[in-house]
Q: 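Dropping the structure in here first, questions after.
Scope of the values below: all heavy atoms of this structure, side chains included, with no hydrogens, waters or symmetry mates. Quantities reported herein were computed from a predicted structural model and do not represent experimental measurements.
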Amino acid sequence: MRPYHQIPILECGEPLMEIPLELFAVKFPHPYEKLGATYGDRSPYYLRQSVIENLIQAQNYLQLLHRNWRIQIFDAYRPIAVQQFMVDYSFAQAVQDRGLTDVELSPKQRQEIWEAVYAIWALPSLDEKTPPPHSTGAAVDVTLVDDIGEIVNMGSPIDEMSERSHPDYYANSDRPEAQKYHAHRQLLQDVMLKADFQRNPREWWHFSIGDQMWAWLNNQSNPANPVTARYGRLA
C-alpha cells in the first residue's frame, strides 16, 4: 500500500478520450509499444476528458513563458496488463544491468532489485481500491521540447531507476549544469501545477489530476479542505 491508497475513490464516470496529439510533442513509436507492450483497442495517448483539458491549459501557460515550446507526452493511459509488462521488463533489465541472470540472484539481491523497481513503478494491482495511477486515465508522464524541437535536458531520462529521478535531486548543487536541470524541472512543475496537476514526489516527469495521488498530495498541503479521488481504474 502506498500512502495515497488511503484516499477513497468516488468514480465520476468521465470518459477516456484520445489526446489531440497535434497540440503536443509526441515521439513515435511509443517506447513501451516498441518493447512489445500491447494496449488493446486503446493507445497510451488516452486520458480522461477533463485531464486533457487541463493538459492543454498547461501547454498554454508554457507558451506564455516560452513561445513555441511544447509539452512532450511520453506516456498517459496504461492498462494493468501494460503496467505488469513494464514491471517485469524493468526487473529483467535491472538484473541484466548487474551482469546477472535471474537464476543467479540471491534472495537479498532479488529483494533489492524489486525494491528499486517498485520505487518507480506502481504495483499492477487489480484491486479497485488501489489502482496504479496510469490505469485511471488521470496520470501523464511529460517533459518539454524547445522551440527548435529539441527535448529539454532534465538531467535524467524518464523511468530511470535512481535518485536522479527525484524532482529536487539537483536543487542544492552548485554545478551550472545541475542548476540548469533543476530550473527545467521547476518550469515543468510550474506550468503543470498552474493547471491543477500534482507531481509525484519521486518522479520529475509524472503528474496527475483527480486520482488518489493527486487527492493525497492536495490534502497534505490543504488539510482543512480534503478532497477525494474522482477517477478509479479503467479496464
Side-chain angles (χ1 to χ4, degrees), residues 1-5 7-21 24 26-52 55 72-97 101-102 105 110-111 113-143 157-161 165 197 200 202-203 205-216 229-235:
M1 290 274 289
R2 302 282 173 99
Y4 55 80
H5 285 146
I7 300 292
I9 301 169
L10 300 177
E11 173 60 53
C12 67
E14 190 175 289
L16 195 67
M17 306 286 288
E18 190 169 3
I19 300 168
L21 297 181
F24 302 95
V26 184
K27 187 175 181 179
F28 289 105
H30 184 272
Y32 302 161
E33 289 183 313
K34 191 175 180 181
L35 293 174
T38 56
Y39 285 77
D41 61 351
R42 291 169 175 151
S43 88
Y45 300 119
Y46 276 67
L47 286 169
R48 300 285 189 137
Q49 184 174 1
S50 292
V51 181
I52 294 174
L55 193 58
Q72 183 179 70
I73 301 170
F74 180 86
D75 191 43
Y77 171 65
R78 195 184 300 156
I80 295 291
V82 174
Q83 187 77 17
Q84 184 68 62
F85 178 94
M86 289 308 303
V87 163
D88 294 341
Y89 173 84
S90 298
F91 179 85
Q93 191 64 46
V95 172
Q96 181 179 317
D97 290 347
T101 64
D102 190 73
L105 292 177
R110 186 177 298 275
Q111 180 181 350
I113 293 174
W114 276 121
E115 286 176 356
V117 168
Y118 284 125
I120 289 290
W121 296 94
L123 187 73
S125 172
L126 290 170
D127 186 337
E128 292 185 355
K129 295 179 180 179
T130 59
H134 281 275
S135 71
T136 68
V140 62
D141 295 336
V142 291
T143 187
I158 290 174
D159 289 344
E160 180 175 277
M161 292 193 300
S165 295
F197 286 88
N200 185 328
R202 299 182 64 88
E203 301 174 4
W205 60 84
H206 176 115
F207 295 84
S208 65
I209 185 167
D211 65 355
Q212 287 174 302
M213 183 184 291
W214 169 87
W216 181 73
R230 58 180 179 268
Y231 302 128
R233 178 174 62 84
L234 295 163

Q: Under the criterion side-chain contact (heavy atoms from CB on, under 4.5 Å), I'd like the reasoning laid out for S165 against I120: C-alpha separation, chi angles, the key distance, then a yes or no.
A: CA-CA 9 Å; S165 295; I120 289 290; 4.1 Å; yes
Q: Kindly indicate whether the side chain of P132, heavy atoms from C-beta on, has any atom under 4.5 Å from the side chain of I80.
A: yes
Q: Walk me through whether H206 and H134 qualify under side-chain contact (heavy atoms from CB on, under 4.5 Å).
A: CA-CA 10 Å; H206 176 115; H134 281 275; 3.4 Å; yes
Q: To the nearest 0.5 Å, what is the distance between CZ on R48 and OG1 on T136?
A: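 Separation between the atoms: 6.5 Å.
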Q: Side chains of L55 and I73: closer than 4.5 Å at any heavy-atom pair?
A: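 SC-SC contact between L55 and I73 confirmed.
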Q: With a 4.5 Å heavy-atom cut-off, do R230 and I209 have their side chains touching?
A: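 Result yes, sub-4.5 Å side-chain heavy-atom pair found.
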Q: Can you check whether A122's main-chain N or O pairs, donor with acceptor, with Q83's side chain at less than 3.5 Å?
A: yes
Q: What pair of heavy atoms forms the shortest contact from A229 to I7, and how long is it?
A: N-CG2, 3.7 Å
Q: Rounded to the nearest 0.5 Å, how far apart are CD1 of I158 and OG1 of T143?
A: 5.5 Å
Q: Please work out which of the three classes, parallel, tilted or perpendicular, describes the rings of Y118 and W114, given edges at 30° and 60°.
A: parallel
Q: How close do A116 and M161 get, counting heavy atoms only, and between which atoms?
A: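 Between these two residues, the closest heavy atoms are O-SD, 3.6 Å.
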Q: Quick one: do W216 and H5 satisfy side-chain contact (heavy atoms from CB on, under 4.5 Å)? Show the steps, please.
A: CA-CA 8 Å; W216 181 73; H5 285 146; over 6 Å; no
Q: How long is the straight-line distance from CG of L21 back to CZ of F28, given to the nearest 0.5 Å?
A: 5.0 Å
Q: I need the S50 OG to Y231 OH distance, nearest 0.5 Å.
A: 4.0 Å
Q: Taking atom CD of E115 as the centre, report whether more than 12 heavy atoms of other residues, nucleotides or ligands fall under 6.0 Å from it.
A: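 Yes, CD of E115 has more than 12 neighbouring heavy atoms, counting only those of other groups under 6.0 Å.
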Q: Only one of F85, F74, Y39 clears ring-ring contact (aromatic ring centres under 6.0 Å, His included) with Y32; which?
A: F74
Q: With rounding to the nearest 0.5 Å, note down the distance linking CD in E18 to CG in L16.
A: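 Rounded to the nearest 0.5 Å, the CD-CG separation comes to 10.0 Å.
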Q: Which pair of non-hydrogen atoms, one from S208 and one from W214, has the smallest distance, and what is that distance?
A: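 Heavy-atom minimum between the residues: O-CD1, 3.4 Å.
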Q: Please tell me if the side chains of R110 and D102 come closer than 4.5 Å, counting only heavy atoms from C-beta onward.
A: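 R110 vs D102: side chains touch.
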Q: Could you tell me which non-hydrogen atom of R2 sits nearest to which non-hydrogen atom of W121, and how far apart they are?
A: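 The answer is NH2-O, 3.2 Å.
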Q: Find out whether P131 and Q212 are in side-chain contact, i.e. whether some heavy atom of one side chain is under 4.5 Å from a heavy atom of the other.
A: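 Sidechains of Q212 and P131: in contact.
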Q: What's the separation between atom NZ in K129 and atom CD1 in I9, rounded to the nearest 0.5 Å?
A: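 One gets 10.0 Å once the value is rounded to the nearest 0.5 Å.
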Q: Could you pull out the closest heavy-atom pair between S125 and R233, with the gap in Å?
A: O-CD, 4.1 Å
Q: I'd like to know if the side chain of E11 reaches the main chain of G13, judged simply by a donor and an acceptor atom lying under 3.5 Å from each other, with no hydrogens or angles considered.
A: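 Yes, because the side chain of E11 sits within donor-acceptor range (under 3.5 Å) of the backbone of G13.
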Q: Taking all non-hydrogen atoms of both residues into account, name the closest pair between D211 and A139 and its distance.
A: OD2-CB, 4.4 Å
Q: Would T130 and L123 count as a side-chain contact (heavy atoms from CB on, under 4.5 Å) if you check the C-alpha gap in whole Å, the side-chain angles of each, and the deciding distance to 0.1 Å?
A: CA-CA 9 Å; T130 59; L123 187 73; over 6 Å; no
Q: Any salt bridge (Lys or Arg N to Asp or Glu O under 4.0 Å) involving residues 75-97? Give me the pairs, sequence neighbours left out, ordered by first then second residue.
A: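 Passing the test, one end in residues 75-97: D75-R78, R78-D141.
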